[in-house]
Amino acid sequence: MATRAGYEDRADLGNVEPEDILSPRHYAAVRRGGRLMRSLPLWCYTSERFWEAEKERIFLRSWNLIEREEIVPKAGDYHSMSFLGVPMIVVRGKDEKVRVFANTCRHRGAMLATGSGNCKAFRCPYHFWSYGLDGRFIGAPNYNDPEGRPLIDGTNKEEFGLAEIESGTWGGFIFIRFKEGPQTLEQHLGAFVESLASHKLEDMACARKVVYEMDANWKCFVENYIDAYHIPYVHKDSLAQWKSKEAVLVPSRGQEYVVFVRHDEGSQLLLPFPGYDGFPPMPQIDPDRTKGTYFVTLRPGMMMTLGNDGALLFQSEPISAKKSRLTVSSLFPKSYFGREDFERLSQNYYRRNDIVVVEDKEIALRQFAGIQSPYARIARLCSQETDVQGLANWIVDQVVTPETGETIAAE
């Protein structure tokens, strides 16, 4: 039993936020391996200053998944949303290209659109400035100087188009980044591109989406997804009932983590119990991938369980240090939607999610509530939590800048 005296060692606790929060010396324990593996200091989950550093050095510069292309299926379709608190418009142009714009008029900043719909152009409700589907400036009525001369003409018209947010697509997913980063989208995706190719994610569609507003730091659910240690306990009567033959790790080249878990039959998008019958394997999948399930993550906040019959997508979006939004989407091949038994069989997948995903959500909330205790301490990690430490080291690599004469290399 731990004593009070033992918990007075602040270096061991890691829950007292230091003034120099980004000094490498505070993260030395994260760099240790073997029996000394540790997770992040606890302030990394509760500090608004650390979250602001993550936002600036990770999320603004990384490729972030925001939606599926199917959210705007036809030319002129638009969908308004926000990410990291930034209002945006996703729109499909006349050229069929999907673009993402800041949802703010270039005049006085009013939001151009709300909800979803279809239009030929965007018109600001405040002063009726208008913009094309490709973001170009169209016109501003009566926008003249005191002498009656137009303030916008052919010499400066290009300056007033909508602010476009850099975006790209892969597998039917839309990704954005707010600032220039070191990798192209394809480089960021790494082994995703070829490893998951035969599943044809671009030919899938979302059948169900559930959004959880989480009173927890964004890292809590991401860590839980990659933590193998919790499965026999949190999921003892659900996911742990699957018996796997082996796990094959795909070497990483970008910000991805890909592992393929082999099992005899079925899909881990279901549970191995009577009454959980599902869809047949997709015919186009590579033969050596029909008996197994992919578990993948794409840093910073995308996770996906990819079976031979569909996919379960997770997005962990930070709101603040202590709040996040977890979006869970069930994807199936578009061809399945026309099956007579689609509604009946899809319910088995949702039923599974309402058990397994809720178990994960609840344990992430309980963990976050617990680490705010003054008696919580930095965890020493076991062999089944090496991926948790890997994420911690990646975060430190992105956020913490080495000081002069100081190193944060692994010990």
- Task: Might you work through the side chain to side chain contact (heavy atoms under 4.5 Å, CB included) test for Leu298 and Trp63, ending with a clear yes or no?
- Result: CA-CA 9 Å; Leu298 185 68; Trp63 289 100; over 6 Å; no

- Determine, step by step, whether Phe279 and Phe342 satisfy the ring-ring contact (aromatic ring centres under 6.0 Å, His included) criterion, reporting the C-alpha distance in whole Å, the side-chain angles of both residues, the deciding distance to 0.1 Å, and the verdict. CA-CA 8 Å; Phe279 298 113; Phe342 179 77; 5.6 Å; yes

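In summary, the aromatic rings of Tyr143 and His127 are positioned with their centroids too far apart to meet the 6.0 Å limit. Between Trp43 and Phe50, the gap from one ring centroid to the other reaches at least 6.0 Å.
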Contacts table for residues 216-224: side-chain donor-acceptor under 3.5 angstrom, sequence neighbours left out:
from	atom 1	to	atom 2	distance (Å)
Asn217	OD1	Lys219	N	2.9
Asn217	OD1	Lys219	NZ	3.0
Asn217	ND2	Tyr45	O	3.2
Asn217	ND2	Ala321	O	2.9
Trp218	NE1	Glu54	OE1	3.1
Lys219	NZ	Cys44	O	2.8
Lys219	NZ	Glu54	OE1	3.4
Lys219	NZ	Glu54	OE2	2.9
Glu223	OE1	Tyr45	OH	3.3
Glu223	OE2	Tyr45	OH	2.6
Asn224	ND2	Asp360	OD1	2.7

Between side-chain atoms of residues 328-338 and protein atoms elsewhere (two or more places apart, or another chain), which donor-acceptor pairs fall under 3.5 Å?
from	atom 1	to	atom 2	distance (Å)
Ser330	OG	Asn353	ND2	3.3
Tyr336	OH	Pro280	O	2.5

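Using a 4.0 Å cut-off between a side-chain N of Lys or Arg and a carboxylate O of Asp or Glu, Asp397 and Arg31 qualify as a salt bridge. Using a 4.0 Å cut-off between a side-chain N of Lys or Arg and a carboxylate O of Asp or Glu, Arg49 and Glu17 qualify as a salt bridge.
Within a 6.0 Å sphere centred on CD of Glu96, heavy atoms belonging to other residues, nucleotides or ligands number more than 12. Environment of CG in Asn142: sparse, with no more than 12 heavy atoms of neighbouring residues, nucleotides or ligands closer than 6.0 Å. For CD of Glu194, the number of neighbouring non-hydrogen atoms (other residues, nucleotides, ligands) closer than 6.0 Å is greater than 12.
Using modelled atom types and a 3.5 Å distance limit, the side chains of His26 and Asp20 yield a donor-acceptor pair. For the residue pair Arg92 and Tyr78, no side-chain donor N or O sits within less than 3.5 Å of a side-chain acceptor on the partner. Thr293 and His263 form a side-chain donor-acceptor contact under 3.5 Å, judged by distance and modelled atom types alone. Donor-acceptor pairing under 3.5 Å is lacking for the side chains of Gln255 and His188. In summary, the side chains of Asp309 and Tyr349 do present a donor paired with an acceptor at a separation below 3.5 Å, with no hydrogens or angles considered. Between the side chains of Ser383 and Tyr229, no donor-acceptor pair of N or O atoms lies under 3.5 Å.
Summarising the geometry of Val72 relative to His79, their closest heavy-atom pair is CG1-N, 3.9 Å, with the distance given to 0.1 Å. The shortest non-hydrogen separation linking Leu271 to Ser238 is CD2-C, 3.7 Å.
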